[in-house]
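What follows is one structure encoded as structure tokens, with my remarks underneath.
Just so we're on the same page: letters track the sequence lines, and every chain starts at 1.
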Protein chains: 2
Amino acid sequence: MPRAATTSDPFNAIAEPRRREILTLLAAEEWPVADIATELAMGQPSVSKHLRVLLDVGLVEVRREGRQAFYRTNPMQIKAIHDWTSRFEQYWTGQLLRIKARAERAR
Amino acid sequence: MPRAATTSDPFNAIAEPRRREILTLLAAEEWPVADIATELAMGQPSVSKHLRVLLDVGLVEVRREGRQAFYRTNPMQIKAIHDWTSRFEQYWTGQLLRIKARAERAR
DNA sequence: ACAACCTATGCCGATAACGGAATATGTCAA
DNA sequence: TTGACATATTCCGTTATCGGCATAGGTTGT
């Protein structure tokens with residue numbers, strides 16, 4: 001059995017490097033599909049398919065205007081992933097403090 | 001072409017729900033393989049395979065002692081993912097502020 | 001209505017991923 | 001050495017995923 005569908009799990013949607021590129025691009029402002037394809041050197045159908053996945057998990061939003069579709073990142077969904085990783089924050093700060101202390105003992 | 005191998009991309013390794021469970025369990029303290037399997041109700045070979053993936057991308061570390069292998073989460077690698085999501089932080093805080101402002105205007 | 005345009009979807013072949021069962025590797029104790 | 005124990009790997013069948021190409025939908029302008 002393969003993993004949970006990309007269309008239902010934000011973590012899985014993020015797993016694809018191309019989709020992370022798209023999210024980064026669309027973070028600051030909305031982009032039409034064709035421009036995304038040009039900017040990231042991808043085929044238009046490929047971009048549309050990735051956007052479809054990102055849309056299904058709520059990582060992007062669309063605004064349709066005539067025959068164009070403007071996509072933009074929905075940061076709140078990325079916050080969900082950020083929050084999950086934050087649960088480990090106490091451990092890596094502890095680790096960083098130990099590394100720092102060791103460095104100071106060494107000099 | 002499928003996506004980048006789980007063994008080379010931390011984001012991809014994290015995409016599997018079972019592996020996230022393992023990481024959460026191993027965050028506070030190290031665990032031997034058999035205990036992980038019992039705790040999470042998974043088969044031992046399955047756990048070993050997931051740990052292998054997590055080890056390859058550096059998300060866990062091992063300490064071998066006799067015939068046991070104690071695994072623990074390596075928080076620094078999770079920090080890498082955390083850092084990527086942080087690039088979007090300015091956008092979701094902005095979004096939260098707008099929601100808050102709208103709520104206050106409404107009451 | 002027709003053509004140009006932008007975007008979405010369907011089909012294809014190749015590939016990686018998963019779980020489960022069996023088995024291999026390695027370690028300890030008698 | 002032999003057997004019990006802990007973990008790792010291999011094999012197998014099933015399924016999701018990706019890119020590329022062709023094409024379908026929907027919109028605008030003539």
Could you pull out every donor-acceptor pair under 3.5 Å between side chains of residues 33-45 of chain B and any protein atom, sequence neighbours left out?
from, atom 1, to, atom 2, distance (Å)
B:Thr38, OG1, B:Ala34, O, 3.1
B:Gln44, NE2, B:Ser48, OG, 3.1

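Contact annotation: B:Tyr71 side-chain N/O to D:dA8 OP1/OP2 distance is under 4.0 Å. OP1 or OP2 of C:dT9 has at least one side-chain nitrogen or oxygen of A:Arg52 nearer than 4.0 Å. Residue A:His50 places at least one side-chain N or O closer than 4.0 Å to OP1 or OP2 of D:dG19.
With distances taken from any side-chain atom of A:Glu16 to the nucleotides D:dA8, C:dT7, D:dC18, the minimum falls on D:dC18. Here the nucleotide nearest the side chain of A:Arg67, chosen from C:dA4, C:dA8, C:dT7, is C:dA4. Of the listed nucleotides (D:dT7, C:dA8, D:dG19), D:dT7 has the atom at the smallest distance from the side chain of B:Ala34.
For the pair B:Arg64 CZ and D:dA6 P, the interatomic distance rounds to 15 Å; values are reported in whole Å. As rounded to whole Å, 16 Å separates atom P of C:dA17 from atom CG of A:Asp9. Computed from coordinates, the A:Ile36 CD1 to C:dC6 C1' distance equals 12 Å when rounded to whole Å. D:dT7 atom C1' lies 12 Å from atom CZ of B:Phe70, rounded to whole Å. When the P atom of C:dG19 is taken as reference, atom CD1 of B:Ile22 falls 9 Å away, rounded to whole Å.
Under a hydrophobic clustering in which Ile, Leu, Val, Met, Phe, Trp and Tyr are joined whenever their side-chain heavy atoms come within less than 4.5 Å, directly or via other members, B:Trp31 and B:Leu55 fall into the same cluster.
No donor-acceptor pair closer than 3.5 Å links the side chain of B:Thr85 to the backbone N or O of A:Ile78.
For the helix from C:dA1-D:dT30 to C:dA30-D:dT1, the terminal axes (five pairs an end, C1' atoms, rotation from four pairs onto the next four) enclose an angle of 10°, given to 10 degrees.
Cation-pi geometry between A:Arg20 and B:Phe11 is met: the NZ or CZ atom falls under 6.0 Å from the ring centre, inside 45° of the normal.
Listed by chain and residue number, B:His82, B:Trp92 satisfy the ring pair (Phe, Tyr, Trp, His ring centres under 6.0 Å) test with A:His82 (two or more places apart in sequence, or in another chain). Looking at residues two or more places apart in sequence or on another chain, you find a side-chain hydrogen bond (donor to acceptor under 3.5 Å, both in side chains) between A:Glu30 and A:Arg63. Under the rule for a salt bridge (Lys or Arg N to Asp or Glu O under 4.0 Å), the partners of B:Glu21 that lie at least two apart in sequence or sit in another chain are B:Arg18.
Near-neighbour residues of DNA chain D inside residues 37-49 of chain A, defined by a heavy atom below 4.0 Å, number-ordered: A:Pro45, A:Ser46, A:Lys49.
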